[in-house]
Amino acid sequence: MTPEITGFSRQRVTVAEGVQLTAAVGGSGSPVVLLHGFPQTHLMWRHVAADLAADHTVICPDLRGYGDSDKPADTDGQTYAKRTMAADVVALARALGHERFALAGHDRGALVAIRAGLDHPAAVTHLASLDVLPNLDTWDVMHGTSAAVGFHLFLMAQPPGLPELMISGAADAFFGHFLDVWAVDPDAIPVDVRAAYLDASRRAIPSIVADYRASATVDIDHDEADRQAGHQLRMPVTVLQQDWGAALGFDAAARWRAWAPDLDHRTVSCGHFMAEEAPTEVIKALRDLLAR
């Protein structure tokens, strides 16, 4: 049986023509939407969501193309643009009765959250990003042999066909690699949760690749347009990040501050899967953000 977030109900919500998201919803109070990363599902928020639900309505969707949400074919290069996925999130919150909400994202979900904050500033009251740089900056800092850590970004940026074929040939090894090497505390992802992540990813290879491909194509265009126009995240922003700047040679806080002037940037010592490896630290950071 697939694990669930204790006390949460699962809902199927239409967010666009022919597209429904599956979301775990629990608690009551001011709304908080939590977006998962790769190679995961909404289940990654199980510890954090249960705590926040004590005094917030917490909405944890599987992103378009992931988990039990719909996985439309990418026919035009726009289907998995972060702009499209961010519109899903706003539509989801609205369908559940919330015009304004706080938003936190991890990894891929953080890129969707950033785009939602830029495109829908009236809807997003607070924004948190866990362990990514904004998309343009990610590509800017990936150079030389140090870029090998992000080999999957380059693989999935390739035109349709080869990446999907290669990953399908060893799906559990591919997705399991990231669960293994990105975690400082592997016990934070128990056997049943790991199995759920691998199963969900195995069933979503074309859409996962399309999500990553968009970050090297259409998402770049959208981000560059915002940068040239001087658009920023005007809501309070909290960033939790491993010390990638020291590893890859950049000032992470400075890069973030160019996008988010009201910034609380924190460096963590846990691994990439911080909502599972260090939930108490993540909960505190999110509660501090919501109090700003």
Side-chain angles (χ1 to χ4, degrees), residues 15 21 23-24 30-38 40-42 44-45 48-49 52 56-67 69 80-94 96 98-138 211-212 214-215 218-220 222-223 226-227 231-241 252 255-266 268 272-275 282-283 285-290 292:
V15 296
L21 300 188
S30 59
V32 180
V33 179
L34 305 176
L35 306 179
H36 67 85
F38 163 92
Q40 299 166 290
T41 68
H42 73 278
M44 61 151 284
W45 291 109
V48 174
L52 294 180
H56 295 278
T57 298
V58 183
I59 304 166
C60 304
D62 287 337
L63 294 166
R64 170 190 292 237
Y66 288 81
S69 289
Y80 291 93
K82 302 309 152 297
R83 174 157 289 163
T84 304
M85 298 171 78
D88 286 348
V89 173
V90 174
L92 170 68
R94 185 172 294 133
L96 295 175
H98 308 291
E99 294 293 331
R100 288 168 55 78
F101 53 91
L103 182 58
H106 174 256
D107 189 83
R108 308 304 295 172
L111 298 182
V112 176
I114 293 164
R115 176 46 56 193
L118 291 167
D119 284 0
H120 306 276
V124 180
T125 63
H126 302 75
L127 192 147
S129 169
L130 277 59
D131 218 31
V132 296
L133 285 175
N135 191 51
L136 274 183
D137 298 274
T138 296
D211 166 33
Y212 273 86
S215 288
V218 63
D219 294 342
I220 293 285
H222 296 159
D223 293 350
D226 276 321
R227 176 173 283 177
H231 295 160
Q232 292 179 304
L233 298 163
R234 295 299 180 181
M235 67 289 296
V237 174
T238 290
V239 171
L240 297 179
Q241 204 154 28
R255 285 184 172 272
W256 261 106
R257 199 166 290 111
W259 290 100
D262 186 358
L263 176 68
D264 177 7
H265 188 280
R266 305 183 186 190
V268 301
H272 178 66
F273 303 111
M274 54 188 66
V282 173
I283 290 165
L286 294 182
R287 288 194 173 276
D288 288 348
L289 170 65
L290 293 168
R292 281 160 61 189

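Salt bridge D211/K82: present, at least one basic N to carboxylate O contact under 4.0 Å. Using a 4.0 Å cut-off between charged side-chain N and carboxylate O, D223 and R115 make a salt bridge.
Not a single donor-acceptor pair under 3.5 Å links the side chain of D226 to the backbone N or O of H231. A donor-acceptor pair under 3.5 Å is absent between the side-chain atoms of R64 and the main chain of V15, judged by distance alone. The main-chain N or O of H36 is never found under 3.5 Å from a side-chain atom of R108 such that the two would form a donor-acceptor pair. Under the 3.5 Å distance criterion, the side-chain polar atoms of T41 are left unmatched by any main-chain donor or acceptor of D62.
The aromatic rings of H106 and F273 lie tilted to each other, with the angle between the two planes from 30° to 60°.
For the pair R94 and F101, the cation-pi test (distance below 6.0 Å, angle within 45°) is failed.
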Evaluation steps, side-chain contact (heavy atoms from CB on, under 4.5 Å), between R255 and H265: CA-CA 11 Å; R255 285 184 172 272; H265 188 280; over 6 Å; no
Test side-chain contact (heavy atoms from CB on, under 4.5 Å) applied to W45 and V58, step by step: CA-CA 10 Å; W45 291 109; V58 183; over 6 Å; no
T125 and M235: CA distance, side-chain angles, deciding distance, side-chain contact (heavy atoms from CB on, under 4.5 Å) verdict: CA-CA 6 Å; T125 63; M235 67 289 296; over 6 Å; no
side-chain contact (heavy atoms from CB on, under 4.5 Å) assessment of T238 paired with R292: CA-CA 10 Å; T238 290; R292 281 160 61 189; 2.9 Å; yes
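L286 has its side chain out of reach of H126: every pair of non-hydrogen atoms, C-beta onward, lies at least 4.5 Å apart. Residues Y66 and L35 fail the side-chain proximity criterion, which asks for heavy atoms closer than 4.5 Å. Looking at R227 and D137, their side chains come closer than 4.5 Å, going by heavy atoms from C-beta outward. Between L290 and H56 there is a side-chain heavy-atom pair separated by less than 4.5 Å. Looking at heavy atoms from C-beta onward, P31 lies out of side-chain contact with R100 at the 4.5 angstrom threshold. Counting heavy atoms from C-beta on, the side chains of S69 and L63 never come closer than 4.5 Å. For the pair L111/V132, a side-chain contact is recorded, criterion being any heavy-atom separation below 4.5 Å from C-beta on.
To the nearest 0.5 Å, atom CD1 of residue I59 and atom CG of residue L21 are 11.0 Å apart.
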